[in-house]
Asker: 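Sharing a structure with you now.
Proteins get letters first, then strands, A, B, ... in listed order; numbering begins at 1 in each.
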2 protein chains.
Amino acid sequence: MPKSAPAVLPSPAETVACCSPLTAEPLDAATADRIAPLLKALADPVRLRLVSLVASHEDGEACVCDLNDAFELSQPTISHHLKVLHQVGLLERSKRGVWVYYRVSTTALADVASLLGGVAR
Amino acid sequence: MPKSAPAVLPSPAETVACCSPLTAEPLDAATADRIAPLLKALADPVRLRLVSLVASHEDGEACVCDLNDAFELSQPTISHHLKVLHQVGLLERSKRGVWVYYRVSTTALADVASLLGGVAR
DNA sequence: CCGAGACATCGACGGATGTGAAGATAGACG
DNA sequence: CGTCTATCTTCACATCCGTCGATGTCTCGG
């Protein structure tokens, strides 16, 4: 069956966009449960560097082969981390030919920042 | 031996204040290792709510007894989460009489936000 | 059609982490 | 001094998570 109807399950990245800053009012348990995975995805040294690498890469995107070379980790491990970041909506995937390119969802990143910082948006 | 010389080990919160935004340039491994614990501390639903509760509490501070009542968790568990947040520099402790009050380090929170969002600072 | 290369998935292992029960500490109050 | 209350620490346990080797899938070139 075609993926024309993607069944719209909201990613954590979409959840965080709806919330007032942490410091404004107490966070209810349900919302916290939905936001935590997004921060958890960022709370790993390797994934932090992956996001940073992709973001600062030429044209704002990088293919997996580039990323693999930047770490002394196995290819499945990098693939795993990319999957985590993609699942929460922080990285976007696009396959071109044999290569897979990732780019950072700047809105998702900005939403997390505003949740913590309480500025912008 | 007295603890008069605290041996000044910089908290993760101090580390993050020194860095350009994630998206500006690739993060080196050592810096990522120092930032990750800060995000890891935030990447838990209970701790997210704790920070939010403290921040939005009257006078910007709350005592442990208030926080305990807001969760259906044992008191040691709450104490543990508070310790984690305190160790990375996100919460400040002050003991007054029998009670311990916590308040959020707004600068630490803002630094994390600017690291992700790339604005301010 | 077949081999090679680029990524993804699976299964397993070891270490980190959230949680609670029990005990320790420290101040307040009689 | 003894007790009560607020908080922290220790210990044990179950679960989660990062990592890798092996294997699967897809695409391109011959």
Asker: By nearest atom, which of the nucleotides dA6(D), dT19(D), dC7(C) is closest to the Val100(A) side chain?
Answerer: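 The answer is dC7(C), which lies nearest to the side chain.
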
Asker: Enumerate the residues from residues 42-51 of chain B whose closest heavy atom to DNA chain D is under 4.0 Å, giving them by residue number; use none for an empty result.
Answerer: none

Asker: Does anything in residues 59-69 of chain A reach DNA chain D, meaning a heavy atom under 4.0 Å, and if so which residues?
Answerer: none

Asker: For Asp33(A) and dG18(C), give me the distance from atom CG to atom P, rounded to whole Å.
Answerer: 14 Å

Asker: A cation-pi test, strictly: NZ or CZ of Arg96(A) under 6.0 Å from the centre of the six-membered ring of Tyr101(A) and no more than 45 degrees from its axis. Yes or no?
Answerer: yes

Asker: Reckon His81(A) touches a base, only the sugar-phosphate, or nothing at all at heavy-atom distances under 4.0 Å?
Answerer: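 Sugar-phosphate: the residue His81(A), judged by heavy atoms under 4.0 Å, touches backbone atoms but no base.
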
Asker: Look up atom CZ in Arg49(B) and atom CD1 in Ile35(A), then write down how far apart they are to the nearest 0.5 Å.
Answerer: 12.0 Å

Asker: Using 0.5 Å steps for rounding, measure from the CG atom of Leu115(A) to the OG atom of Ser52(B).
Answerer: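 Result: 8.5 Å between the selected atoms.
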
Asker: Would a distance-only check, ignoring hydrogens and angles, find a side-chain to backbone donor-acceptor pair under 3.5 Å from Asp44(B) to Val46(B)?
Answerer: yes

Asker: OP1, OP2 of dA8(C) versus side-chain N and O of Lys83(A): anything below 4.0 Å?
Answerer: no

Asker: What integer distance in Å separates Phe71(B):CZ from dT7(D):C1'?
Answerer: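 That distance rounds to 17 Å.
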
Asker: Return the value, rounded to whole Å, for the distance between atom CH2 of Trp99(B) and atom P of dT5(D).
Answerer: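 Answer to the nearest Å: 12 Å.
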
Asker: For Leu73(B), does its backbone N or O pair with a side-chain atom of Thr77(B) as donor and acceptor, under 3.5 Å?
Answerer: no

Asker: Assign Arg96(A) to base, sugar-phosphate, or nothing according to its heavy-atom contacts below 4.0 angstrom with the strands shown.
Answerer: nothing

Asker: Using a cut-off of less than 4.0 Å, is there contact between a side-chain N or O of Arg93(A) and OP1 or OP2 of dA8(C)?
Answerer: yes

Asker: Going 5' to 3' through nucleotides 20-26 of chain C, assign each nucleotide B (protein heavy atom under 4.0 Å from a base atom), S (under 4.0 Å only from sugar-phosphate atoms) or - (no protein heavy atom that close).
Answerer: BBB----

Asker: Counting only side-chain nitrogens and oxygens, does Tyr101(A) get under 4.0 Å of the OP1 or OP2 atom of dC7(C)?
Answerer: no

Asker: Output the rounded distance in Å from NE2 (His80(A)) to C1' (dC16(D)).
Answerer: 11 Å

Asker: Nearest-Å distance, CD1 (Ile78(A)) to P (dA6(C))?
Answerer: 16 Å

Asker: Does the side chain of Ile78(B) come within less than 4.5 Å of Phe71(B)'s, by heavy atoms?
Answerer: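 Of all side-chain heavy-atom pairs linking Ile78(B) with Phe71(B), at least one is under 4.5 Å.
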
Asker: Are a donor atom and an acceptor atom from the side chains of His81(B) and Arg47(B) found within less than 3.5 Å of each other?
Answerer: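 Indeed, the side chains of His81(B) and Arg47(B) share at least one donor-acceptor pair under 3.5 Å.
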
Asker: Once you round to the nearest 0.5 Å, how far does CZ of Arg103(B) lie from NE2 of His57(B)?
Answerer: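 One finds 11.5 Å between CZ of Arg103(B) and NE2 of His57(B).
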
Asker: Atom CG in Leu90(B), atom OG1 in Thr106(B): separation rounded to 0.5 Å?
Answerer: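 Leu90(B) CG to Thr106(B) OG1: 11.0 Å, rounded to 0.5 Å.
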
Asker: We want to know whether Ser114(A) and Asp111(A) form a side-chain donor-acceptor pair, criterion being a heavy-atom distance below 3.5 angstrom.
Answerer: no

Asker: OH of Tyr102(A) versus P of dA6(C): gap in Å, rounded?
Answerer: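 Result: 16 Å.
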
Asker: Given atom CG of Leu82(A) and atom P of dG18(D), what is their separation to the nearest angstrom?
Answerer: 13 Å

Asker: Rounded to the nearest 0.5 Å, what separation is found between the CG atom of Leu27(A) and the CG atom of Leu22(A)?
Answerer: 6.0 Å

Asker: Take Val54(A) and Asp66(A) through the test side-chain contact (heavy atoms from CB on, under 4.5 Å) and record every step on the way to the result.
Answerer: CA-CA 9 Å; Val54(A) 171; Asp66(A) 295 330; over 6 Å; no

